Amino acid sequence: MERPALDRINATIRKGIITGLVGPDGAGKTTLIRLMTGLLLPTSGQIKVMGLSTHSSQIHDITGYMPQKFGLYEDLSVLENLDLYADLNGLSVAEKKDAFKRMLAFTSLKPFINRLAGNLSGGMKQKLGLACALLSRPQVLLLDEPTVGVDPLSRRELWTMVQDLTHKGMTVIWSTSYLDEADKCHEVLLLNEGKLLFNGPPEDLTKRMKNRVFQVEVPLKNRRKVLTKLLNLPYVIDGVIQGNKLRLVTSSSLKNSLRHRVPPRFEDAFIDILGGISKGDSILAENFPLKKQTSSSLIKAENLTKRFGNFTAAQDISFTIKRGEIFGLLGPNGAGKSTIFKMLCGLLQPTLGEALISGVNLKTAPAKARSHIGYMAQKFSLYGDLSVEENLNFFSGSYGLQGPYRTKMIDLMVTIFDLHPYLNSNANLLPLGYKQRLALACAVMHEPDVLFLDEPTSGVDPLTRREFWTHINGMVEKGVTIMVTTHFLEEAEYCDRIALIYQGINIATGTPDDLKNMVKTRKMPNPTLEDSFIALIEKQGVQ
Amino acid sequence: MTSFSRQRFMAYLKKESKQILRDPSTMLIAFVLPLLMIFIFGYGVSLDANKIRIGIVMEEMGNEARNLANAFLATPYFDAQTSNDSTSFEEEMTLGRLRAIVTIPQNFSQNLLEEKPSPIQVILDGSEPNTAKFALNYATGVVNNWMAQRAIETKNPSQTTLVNPEPRVWFNAELKSRDVLLPGSIAIIMSLIGTLLTALVVAREWERGTMESIMATPLRVREMLLAKLVPYFLLGLGSMTLCVTISILLFGVPFRGSFFVLFLSTAVFLLASLGQGLLISSTTRNQFVSSQISIMLGFLPAFVLSGFVFEINSMPAPIRALTYIFPPRYFVTILQSTFLSGTLWELILPNLFAMLLIALFFFSVTTYKTTKRLDS
């Protein structure tokens with residue numbers, strides 16, 4: 001029997017506040033929202049919105065709903081989209097005029113009213129989607145992951161806008177897989193694998209972590225080793241790298257080291273409920289051969305430029321990456337990260353410039369260069385109709401593994417990633433976390449020098465994410481070079497260096513601390529990576 | 001009961017029309033596809049056999065034999081060559097370059113003069129039965145003509161059969177198969193286009209995620225389906241006008257019925273095929289699958305089961321029964337009679353009624369299936 005998308009949820013959502021539906025992918029957030037809109041009916045149990053049964057079609061008169069894909073018609077203009085949704089909600093001509101004025105001012109979309117929705121940026125689409133959902137002046141506003149794929153700048157703006165709405169008495173349900181957004185909600189429903197783990201103000205949950213979160217400074221060079229050691233202490237349940245500091249969570253409060261105490265976050269509590277992250281060193285890394293140390297650069301990008309028609313996806317990108325370095329590419333959706341990524345692993349021909357891996361030019365000797373590369377794509381790109389075992393067999397063969405060595409490597413991957421129970425199931429049917437594990441397994445079987453990870457942890461729960469980083473850190477210690485893109489700025493802290501990409505241009509390169517220092521002002525003496533990201537993009541926008 | 005709101009309907013209709021105007025693929029289906037197909041049917045498909053290649057083996061070179069050979073050489077239906085040896089012809093027939101071999105035997109002229117039976121041999125390529133039949137008929141015709149001619153010339157009427165059938169063909173006096181094929185092919189074209197036009201529209205909204213937010217508005221299912229139908233209905237009428245105009249003006253197909261009947265039946269037929277497309281689209285929710293199914297269901301039954309190419313009466317009973325559930329069957333009948341014989345209400349009405357019934361069926365199922373829920 002498959003597990004239900006939602007399992008015996010009992011909860012009440014209060015009027016006039018923002019309630020966050022928080023949890024990793026597959027937690028049941030979208031299902032719960034669709035139940036509230038009446039687009040799905042519960043298999044058992046019942047749900048009422050403002051006293052109305054969701055069986056009734058009147059439910060659509062009192063709710064405003066923005067689905068994950070925003071629900072905009074990309075071939076209609078901003079104004080035509082607004083017009084359509086206004087008429088569908090039965091607004092009169094006078095009401096329409098008034099509502100449009102309000103919405104255009106509210107979203108600052110006025111200069112773009114004649115632009116096709118398809119040509120708007122992610123942030124603007126999201127605002128337009130919100131405006132369309134708000135036209136009917138709903139009493140309940142349902143937003144399904146409104147901040148996915150949107151840059152931090154637009155995310156902040158959206159939060160301000162929605163907080164404004166609740167001041168006017170609207171009830172807002174906001175679903176998100178970003179746990180840091182939970183702290184901004186008045187109340188939270190924390191979901192995991194269809195189960196409700198917590199219901200209440202986020203502080204109530206975070207409270208239990210008081211005096212259990214610490215930050216210690218470590219030598220930059222040894223931080224990964226130190227983190228691995230600390231994580232093996234029995235009372236450390238979680239730990240992450242933050243530039244030249246380590247952030248640690250303990251299983252009980254430690255009163256004697258209050259000096260390094262930092263305020264807890266919602267995510268700490270979530271991990272605590274789930275029982276802490278899995279311990280131990282990366283078996284994957286232990287089995288990796290030590291890569292030769294060389295001083296020369298391993299990846300070199302020289303003036304990489306890619307044009308699609310008259311659209312420049314990447315312009316003049318140059319950087320070098322040393323052996324054993326983690327290099328992060330950051331930037332909003334559509335900034336050109338994936339394009340750069342694909343040029344570096346030889347999947348896209350650059351229009352101008354060149355890419356070298358271990359000194360081998362990808363243009364002239366792509367096959368040779370590629371044998372040094374492991375690549376994990378952003379979307380699940382294994383064969384969904386093949387079983388886990390068949391996928392492992394296929395990829396090991398396609399990387400040229402043979403004989404007993406091949407068998408050994410496949411067995412090793414199965415052990416490391418705990419794939420044994422799934423060996424005969426189709427890759428499509430795996431839970432998300434296992435899909436990602438299988439994808440990583442297929443990318444590292446041939447022990448590559450360079451590993452390209454395109455958003456490897458998007459949507460997975462924090463425990464799986466930590467596990468991934470244990471492997472990555474371990475492999476780096478063995479001399480593997482990692483190139484990674486991510487939306488989680490917090491995750492970017494693991495990187496040795498970061499390139500910030502915006503509109504196809506590399507607007508800043510440096511260590512996470514470098515980037516923070518770039519935007520340090522008297523007003524903002526201690527910026528986070530997110531602050532710095534926003535400030536740098538804003539600065540670029542002004543130019 | 002849910003009410004019907006004119007405002008919501010008009011808003012959705014406006015949206016749908018704008019999308020059509022901005023999407024070149026819809027225009028492609030509505031106007032370029034029928035153009036392409038009518039030219040293919042008009043020029044490419046013909047059941048007439050012109051210029052059948054035959055060989056004439058002359059085993060003697062007497063006067064009569066040469067005369068008969070000349071008759072074969074003169075007719076436009078044959079592309080004939082002569083030889084006194086059959087082996088090379090037999091080889092060419094095996095290769096499929098000749099469709100028939102006519103052998104004029106030794107003593108042909110002599111026998112004829114003596115008024116003895118003087119048979120000639122016709123060998124036919126049976127691997128193409130249709131062409132073989134044509135060739136035999138043409139050959140018989142040539143010989144009969146020649147005999148009649150000869151009888152007049154020699155003033156010896158006893159040699160011709162005294163009673164000769166005088167065939168007369170109705171509705172298509174020249175037996176030009178194009179005149180029958182084109183009206184039928186319009187039915188095929190419209191069946192494909194009608195189904196394809198709507199096949200993508202619902203699936204597209206599912207794939208782009210707009211369906212979900214539309215469903216969360218007060219828009220009712222009936223308003224949506226109707227607003228999706230109207231613009232494509234008008235486009236379909238446009239495609240029909242294009243097809244009819246080209247058939248009449250360019251291909252010279254006669255039109256003996258009334259345009260009112262033509263468009264009335266087109267309208268009913270369009271309802272059925274647009275309905276079929278809508279049903280496919282809202283069931284699959286996937287543009288690729290939907291277009292595949294539409295091409296299968298829009299084209300194949302129309303081509304095979306409509307009586308357009310294959311005579312329905314000569315089908316086995318179960319297949320014949322199957323033809324009744326596909327609207328092209330009725331439309332082909334209406335079109336062929338409207339083009340070739342005029343307005344015959346007693347023929348048109350039952351066919352119209354059948355199409356209307358099928359259209360109603362599609363719409364009720366679509367409306368029933370399109371609930372405002374994601375999981376049904």
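Per chain, numbering begins at 1; letters A, B, ... match sequence-line order. Excluded from the calculations below are hydrogen atoms, water molecules and symmetry mates; all remaining heavy atoms, backbone and side chain alike, are included. Because the structure is a prediction, the values reported are computed rather than measured.
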Heavy atoms of other groups near [X] [atom1], more than 12 under 6.0 Å:
| X | atom1 | value |
| --- | --- | --- |
| A:Tyr383 | OH | no |
| A:Met50 | CE | yes |
| A:Phe106 | CZ | yes |
| B:Phe39 | CZ | yes |
| B:Lys18 | NZ | yes |

Practice item. Rounded to the nearest 0.5 Å, what's the gap from CG on B:Leu13 to CG on A:Leu84? Could you check? Key: 11.5 Å
Check your understanding: Got a second to check how far A:Asn81's CG is from B:Ser213's OG, nearest 0.5 Å?
Key -> 9.0 Å
Check your understanding: Which of these passes side-chain hydrogen bond (donor to acceptor under 3.5 Å, both in side chains) with A:Asp87: B:Arg8, B:Lys15, B:Gln7?
Key -> B:Gln7
Revision key, fill the gap. Interface check, chain B: of A:Thr63, A:Thr37, A:Asn89, most non-hydrogen pairs under 4.5 Å belong to A:Asn89
**Study point:** Per-residue contact mode, B:Thr217 against chain A (heavy atom under 4.5 angstrom)
**Key:** both
**Study point:** Contact class of B:Glu223 relative to chain A, heavy atoms under 4.5 angstrom
**Key:** neither
Practice item. Report the C-alpha distance between A:Tyr65 and B:Met215 in whole Å, list the side-chain angles of each, state the deciding distance to 0.1 Å, and finish with yes or no for side chain to side chain contact (heavy atoms under 4.5 Å, CB included). Key: CA-CA 10 Å; A:Tyr65 171 47; B:Met215 281 187 161; over 6 Å; no
**Study point:** All side-chain contact (heavy atoms from CB on, under 4.5 Å) counterparts of A:Ala86, not counting sequence neighbours
**Key:** A:Leu91, A:Lys96, A:Phe100, A:Leu135
Review point. If we only count heavy atoms from C-beta on, is the B:Ile214 to A:Leu88 side-chain gap below 4.5 Å?
Key: yes
Check your understanding: Can you name the closest pair of heavy atoms from A:His60 and B:Pro218 and give their distance?
Key -> CB-N, 4.0 Å
Exercise for review: Before accepting this row, confirm whether a basic side-chain N of the pair A:Glu80/B:Arg22 lies closer than 4.0 Å to the acidic partner's carboxylate O.
Suggested key: yes
Point to revise | Proximal component of A:Thr31, with respect to chain B [non-hydrogen, under 4.5 Å] | key: neither
Review point. When only pairs under 4.5 Å are counted, which of B:Lys14, B:Arg208, B:Glu212, B:Gln19 shares the most heavy-atom pairs with chain A?
Key: B:Glu212
